[in-house]
**Student:** 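Would you mind keeping the following structure in view while I ask a few things?
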Amino acid sequence: MNASIPVTRATDHGTARLMPDVDRERAWLLTVDGAPQSYVDLDEPAYLEFEYARRLGHALDTVAEAGRALDVVHLGGGALTLPRYVAATRPGSRQDVVDADRGLLELVTEWLPLPADSGVSLHAADARAWLEAAPDDRADVLIADVFGGSRVPAHLTTLDYVRTAGRVLRPDGVYLANLADAAPFGFLRSQLATVSAVFEEVALIAEPAVLRGRRFGNAVVVASHRPFDTAALARRTAADAFPARVEHGAAVREFTGPARPVAEADAVPSPVPPGGSFGIG
């Protein structure tokens with residue numbers, strides 16, 4: 001294969017494009033229908049380029065002592081950035097990656113293969129259907145990073161879905177979700193209400209400009225039945241090249257306001273990003 005030439009392929013749910021990074025050898029950007037999905041550096045799998053991925057990485061770094069192997073379920077695969085990160089930073093971890101786009105998984109593993117000892121199992125399936133069939137207490141961490149195009153699908157926003165995620169997690173497990181919204185935050189507030197109905201401890205990681213309603217952007221939700229180290233998480237996110245704020249406790253409850261958990265009949269996808277928010281020209 002010629003590592004300097006972009007690769008474009010029609011997959012099950014869109015047009016995927018892998019583009020090499022001219023500044024980093026063996027690093028690639030994945031887009032689907034023009035929207036950036038993942039960035040991978042095959043020589044440095046612990047390197048995270050995207051802001052939201054870095055915040056998920058900080059959360060993964062603080063959910064357990066450094067280097068401890070974890071059982072992780074990833075809903076949404078992309079270019080397998082976070083599974084590679086966990087394999088590199090927590091050797092011996094067992095990971096399941098669930099993505100509805102079989103063609104995308106095949107493209108990624110063909111051009112950006114996983115190491116033979118990665119401990120990553122791939123499943124071409126709908127995320128919720130796979131989760132509903134999964135056994136109880138399967139995972140230490142469950143990461144929801146599923147976007148249909150640039151929107152979180154409606155069936156992955158409901159109270160029943162989050163309860164299912166809670167069942168698959170172990171009692172001390174941690175739920176992580178990558179979401180996107182803008183002021184007045186109707187979607188994000190409803191998601192916080194939904195997650196808070198299942199988990200006692202909930203934190204929100206986002207750039208201050210997003211939380212102040214100045215622009216559309218990603219927000220990462222961290223949830224668990226047990227307290228987690230929000231101070232360590234806040235230090236890591238504040239010191240990042242793309243600083244973010246961690247809200248938890250009363251601040252999350254205040255931000256959520258009167259929003260209610262999402263019932264199946266009321267579920268809607270996340271908002272359409274404004275033109276240019278996530279696209280690549």
Side-chain angles (χ1 to χ4, degrees), residues 1-57 60 72-89 93 95-127 130 143-153 156 178 180 217-218 241-242 269-270 272-273 275-281:
M1 66 180 65
N2 188 332
S4 65
I5 298 176
V7 181
T8 302
R9 184 178 299 176
T11 64
D12 299 16
H13 295 287
T15 299
R17 185 173 174 85
L18 285 170
M19 293 180 284
D21 187 338
V22 296
D23 296 320
R24 297 177 71 94
E25 189 176 357
R26 300 187 75 224
W28 295 79
L29 171 69
L30 168 68
T31 68
V32 177
D33 294 335
Q37 297 287 328
S38 304
Y39 180 98
V40 168
D41 187 331
L42 296 177
D43 290 332
E44 195 177 343
Y47 174 77
L48 301 175
E49 172 79 7
F50 290 172
E51 296 175 26
Y52 83 85
R54 295 170 74 92
R55 289 162 194 161
L56 287 168
L60 285 164
V72 183
V73 170
H74 303 258
L75 304 182
L80 309 177
T81 302
L82 288 171
R84 298 173 202 269
Y85 180 84
V86 172
T89 59
S93 293
Q95 302 186 77
D96 291 288
V97 179
V98 186
D99 198 294
D101 194 331
R102 180 183 299 274
L104 180 60
L105 290 175
E106 291 173 349
L107 170 68
V108 168
T109 53
E110 175 186 342
W111 282 85
L112 312 176
L114 289 162
D117 59 349
S118 67
V120 177
S121 299
L122 304 180
H123 310 272
D126 174 79
W130 187 92
I143 304 171
D145 184 19
V146 182
F147 283 77
S150 298
R151 306 178 74 185
V152 178
L156 300 180
N178 178 35
N218 292 88
F242 304 102
S270 63
V272 177
S277 291
F278 293 154
I280 287 183

**Student:** How far does CG of L29 sit from CD of Q37, to the nearest 0.5 angstrom?
**Tutor:**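 Reported to 0.5 Å precision, the distance equals 9.5 Å.
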**Student:** To the nearest 0.5 angstrom, please state how far the OG1 atom of T11 sits from the CG atom of L105.
**Tutor:**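 Rounded to the nearest 0.5 Å, the OG1-CG separation comes out at 9.5 Å.
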**Student:** For the residue pair T8 / R17, report whether a side-chain donor-acceptor contact shorter than 3.5 Å exists.
**Tutor:**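 Result is yes, a qualifying pair exists.
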**Student:** List the atom of A35, the atom of S150, and the distance in Å for their closest heavy-atom pair.
**Tutor:**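 What the structure gives for the nearest pair is CB-OG, 3.5 Å.
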**Student:** Roughly how far, to the nearest 0.5 Å, is CG of D145 from NE2 of H74?
**Tutor:**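 Here the rounded value is 10.0 Å.
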**Student:** Is L82 close to V72 at the side-chain level, that is, under 4.5 Å between some pair of heavy atoms?
**Tutor:**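 They are not in side-chain contact.
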**Student:** If only atom types and distance count, is the side chain of E49 paired as donor or acceptor with the main-chain N or O of Y39 below 3.5 Å?
**Tutor:**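 Checking the backbone N and O of Y39 against the side chain of E49, no donor-acceptor pair under 3.5 Å is found.
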**Student:** Kindly give the heavy-atom pair with the smallest separation between S38 and G78, and that separation in Å.
**Tutor:**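 Answer, listing the atom of S38 first, then G78: OG-CA, 3.5 Å.
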**Student:** Do R24's NZ or CZ and the ring of Y47 fall within the cation-pi criteria of under 6.0 Å and 45°?
**Tutor:**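 That pair qualifies as a cation-pi contact.
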**Student:** Between T81 and V40, what is the shortest heavy-atom contact and its length?
**Tutor:**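 For T81 versus V40, the nearest heavy atoms are OG1-CG2, 3.3 Å.
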**Student:** Does a side-chain heavy-atom distance below 4.5 Å link L56 with Y85?
**Tutor:**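 No, every pair of side-chain atoms sits at 4.5 Å or beyond.
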**Student:** Say you draw a straight line from CG of L104 to CG of D12; how long is it, rounded to the nearest 0.5 Å?
**Tutor:**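 Separation between the atoms: 8.5 Å.
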**Student:** With distance as the sole test, does D99 use its side chain to make a donor-acceptor pair with the main-chain N or O of A124 at under 3.5 Å?
**Tutor:**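 Side chain of D99 to backbone of A124, a donor-acceptor pair under 3.5 Å: no, none is there.
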**Student:** Any sub-3.5 Å donor-acceptor pair from R9's side-chain atoms to A16's backbone N or O?
**Tutor:**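 It does not hold such a pair.
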**Student:** Under a 4.0 Å N-O cut-off, is there an ion pair linking D43 with R26?
**Tutor:**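 The answer is yes: the pair qualifies as a salt bridge.
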**Student:** To the nearest 0.5 Å, what is the distance between NE2 on H13 and CZ on R102?
**Tutor:**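 CZ of R102 is found 10.5 Å from NE2 of H13.
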**Student:** Are the side chains of V152 and F147 in touch, meaning some heavy atoms are under 4.5 Å apart?
**Tutor:**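 Of all side-chain heavy-atom pairs linking F147 with V152, at least one is under 4.5 Å.
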**Student:** Under 4.0 Å between a Lys/Arg side-chain N and an Asp/Glu carboxylate O for E51 and R55?
**Tutor:**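 Salt bridge flag = yes for R55 with E51.
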**Student:** Could you measure the distance from the CZ atom of F50 to the CG atom of N178? Nearest 0.5 Å is fine.
**Tutor:**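 Here the interatomic distance stands at 11.0 Å.
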**Student:** Inspect the surroundings of CD in E25 and state if more than 12 heavy atoms from other residues, nucleotides or ligands are less than 6.0 Å away.
**Tutor:**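 For E25, atom CD is not crowded (no more than 12 foreign heavy atoms under 6.0 Å).
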**Student:** L112 and side chain to side chain contact (heavy atoms under 4.5 Å, CB included): which partner among L18, L30, L80?
**Tutor:**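 The passing option is L18.
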